[in-house]
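Since the model is a prediction, treat every value here as computed from it, not as a measurement.
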Amino acid sequence: MSEPVPYLDLRAQLKPLRAEIDAAIARTLDNCSFCLGPDVVQFEKDFATFCGAKYALGFNSGTSALHVAMRLLDVGPGDEVVTTPYTFIATSWAISYCGAKPVYVDIDDETLNLDPKLIEKAITPKTKAVLPVHLYGQPFDVEAVAAVCKQYNLPFVEDAAQAHGSKYKGKCVGTFGAISCFSFYPAKNLGACGEGGALVTNDTAFAARAKSLREHGSTVRYHHDEVGYNYRLEGIQGAVLGVKLKHLERWTRERQHVAARYAELLANTPLQLPTVTNGNESAWHLYTVRSPLRDELKKYLDSNGIGNAVHYPMPLHLQKVYAHLGYKAGDFPVAEKAAREVLSLPMFPALTDVQIRRVAEVVKEFFRR
Ligand SMILES: *Cc1c(COP(=O)(O)O)cnc(C)c1O
């Protein structure tokens with residue numbers, strides 16, 4: 001019996017960094033800056049530099065960064081935001097938290113990202129913004145989204161929660177929209193030892209207001225200008241993220257290597273493999289294949305100890321929470337088909353070649369049967 005291959009191995013990633021991370025946490029315990037503080041400020045500078053953006057602000061989650069991004073664009077009750085039905089629910093929460101309405105358009109069958117050709121038809125006088133996602137790390141078609149947004153004078157926000165270091169035409173994602181949001185949830189490409197997120201922008205006024213919204217709507221303590229939140233990044237997480245950021249480029253190269261190996265080894269199977277659109281670079285948050293036999297394949301991988309996951313089994317327009325929006329099955333056929341076919345294989349930087357070959361072998365066995 002071969003060794004099982006985990007879907008994700010955070011322990012393997014943490015082990016070689018353990019001494020550095022222990023020291024970073026000890027520094028926070030010494031300086032007692034537990035909420036924001038010097039380590040967060042340093043990390044914000046470093047992460048802004050990494051992205052090639054002017055400002056990065058630490059948040060206590062990607063979800064809260066997205067929420068504040070919507071607030072910065074004054075999205076409120078009665079407004080609409082055009083977005084993708086095929087993503088993690090938090091993308092839509094940002095809109096709902098503001099009392100606004102997510103307006104979905106279907107996705108592109110190749111990239112599974114929001115199809116920019118469908119945006120125009122969804123725009124109404126109530127539309128306040130467009131919110132696409134760089135799903136699995138694959139950059140969405142930034143130029144096409146930017147073109148339609150420009151035509152209608154609408155801002156767009158990048159949900160880059162899965163795309164730290166993904167590049168669109170050579171430039172890091174997170175620098176194209178009015179605002180971009182990242183998540184540092186532990187399983188993300190850059191993960192905290194707990195929760196975390198960032199809001200990235202080149203706009204000085206947005207950055208100043210985001211800082212205030214993250215801290216109870218105040219710039220001067222105990223003076224509150226608007227309804228704000230407690231969305232601060234913890235000092236310990238800033239310290240940990242500062243350590244891990246130094247390794248991110250290498251980890252991304254390792255993920256790209258894993259993806260390239262899968263592409264070689266799985267080329268002659270009936271699976272539909274993920275591709276990266278012309279001239280772009282994915283940070284390969286996930287390696288997600290497609291098959292009409294997904295459910296059977298999943299069972300086979302499970303019973304052979306190969307970790308796997310479905311991202312995502314139900315598009316957002318069919319979720320119970322959004323029943324009041326009035327969508328029905330059949331509204332977004334591309335997203336609905338993807339939900340039936342996708343399966344994410346083990347993907348993390350420390351994945352060994354033995355493990356990659358084992359995954360490919362089990363997949364091939366399944367199709368040989
Ligand atoms: C993880 C994720 C989020 C939310 O980030 P959290 O840090 O978990 O709040 C938002 N959007 C997408 C696409 C994500 O994958």
Side-chain angles (χ1 to χ4, degrees), residues 35-37 40-41 43-45 47-48 50-51 53-84 87-102 127-134 149 154-164 173-185 188 190 192 194-221 223-235 237-238 241:
C35 304
L36 301 175
V40 169
V41 170
F43 170 68
E44 290 176 336
K45 276 196 193 126
F47 192 65
F50 171 84
C51 294
K54 232 163 153 179
Y55 306 101
L57 295 170
F59 275 74
N60 62 350
S61 76
T63 307
S64 30
L66 282 163
H67 179 197
V68 164
M70 292 294 111
R71 284 287 311 271
L72 293 178
L73 299 176
D74 295 320
V75 171
D79 293 333
E80 298 176 353
V81 176
V82 178
T83 187
T84 168
T87 174
F88 181 57
I89 189 89
T91 312
S92 274
W93 284 159
I95 303 162
S96 300
Y97 289 175
C98 295
K101 189 172 132 186
T127 308
K128 263 288 177 54
V130 178
L131 174 54
V133 178
H134 301 290
C149 284
L154 290 170
F156 69 98
V157 171
E158 297 172 61
D159 182 339
Q162 304 186 353
H164 320 65
V173 305
T175 53
F176 298 99
I179 306 158
S180 301
C181 299
F182 290 85
S183 164
F184 305 128
Y185 181 74
K188 298 288 159 81
L190 177 62
E195 306 278 353
L199 183 148
V200 170
T201 185
N202 286 323
D203 185 299
T204 305
F206 280 160
R209 190 170 167 217
K211 260 187 172 171
S212 162
L213 285 169
R214 149 180 99 169
E215 195 146 34
H216 300 290
S218 74
T219 45
V220 178
R221 189 168 266 197
H223 292 72
H224 306 278
D225 308 327
E226 58 178 328
V227 174
Y229 314 95
N230 177 357
Y231 279 174
R232 293 175 294 236
L233 181 65
E234 293 185 351
Q237 303 309 339
L241 287 164

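- Tyr231 pairs by the ring-ring contact (aromatic ring centres under 6.0 Å, His included) definition with His67, Tyr229, not counting sequence neighbours.
- Taking the side-chain hydrogen bond (donor to acceptor under 3.5 Å, both in side chains) definition, one finds that Tyr97 meets it with nothing, sequence neighbours left out.
- Side chain of His224 to backbone of His216: a donor-acceptor contact under 3.5 angstrom is found.
- A salt bridge (charged side-chain N to carboxylate O under 4.0 Å, His left out) check over residues 56-74, counting only residues at least two apart or in different chains, returns the pairs Arg71-Glu226, Asp74-Arg209.
- The minimum heavy-atom distance between Ala65 and Ala198, with the atom names listed, is CB-O, 3.5 Å.
- Panel note: side chain Glu195, backbone Ser61; no donor-acceptor pair is recorded below 3.5 Å.
- With sequence neighbours left out, the side-chain hydrogen bond (donor to acceptor under 3.5 Å, both in side chains) criterion links Ser96 to Tyr322.
- Under the ring-ring contact (aromatic ring centres under 6.0 Å, His included) criterion, Phe184 pairs with Phe43, Phe47, His164, sequence neighbours left out.
- Judged by distance alone, the side chain of Ser92 and the main-chain N or O of Ile89 form no donor-acceptor pair under 3.5 Å.
- Using a 4.5 Å heavy-atom threshold, the side chains of Met70 and Leu131 count as touching.
- Contacts of Glu80 classified as salt bridge (charged side-chain N to carboxylate O under 4.0 Å, His left out), with partners at least two apart in sequence or in another chain: none.
- For the pair Tyr55/Thr204, a side-chain contact is recorded, criterion being any heavy-atom separation below 4.5 Å from C-beta on.
- Taking the side-chain hydrogen bond (donor to acceptor under 3.5 Å, both in side chains) definition, one finds that Lys211 meets it with nothing, sequence neighbours left out.
- With sequence neighbours left out, Lys101 forms a salt bridge (charged side-chain N to carboxylate O under 4.0 Å, His left out) with no residue at all.
- For the pair Thr219/Ser212, a side-chain contact is recorded, criterion being any heavy-atom separation below 4.5 Å from C-beta on.
- Not a single ring-ring contact (aromatic ring centres under 6.0 Å, His included) links Phe206 to another residue, sequence neighbours left out.
- Between Cys51 and Phe182 the shortest side-chain heavy-atom distance falls below 4.5 Å.
- With sequence neighbours left out, His134 forms a ring-ring contact (aromatic ring centres under 6.0 Å, His included) with Phe140.
- Considering only residues two or more places apart in sequence or on other chains, Glu44 meets the salt bridge (charged side-chain N to carboxylate O under 4.0 Å, His left out) condition with Arg214.
- When atom types are taken as modelled, the side chain of Ser183 and the backbone of Ala161 share no donor-acceptor pair closer than 3.5 angstrom.
- Put simply, the side chain of Ser218 does not reach to within 4.5 Å of the side chain of His223, judged on heavy atoms.
- Residues passing the side-chain hydrogen bond (donor to acceptor under 3.5 Å, both in side chains) test with Thr83, sequence neighbours excluded: none.
- Here the side chains of Thr201 and Leu72 are not in contact, with every heavy-atom distance at 4.5 Å or above.
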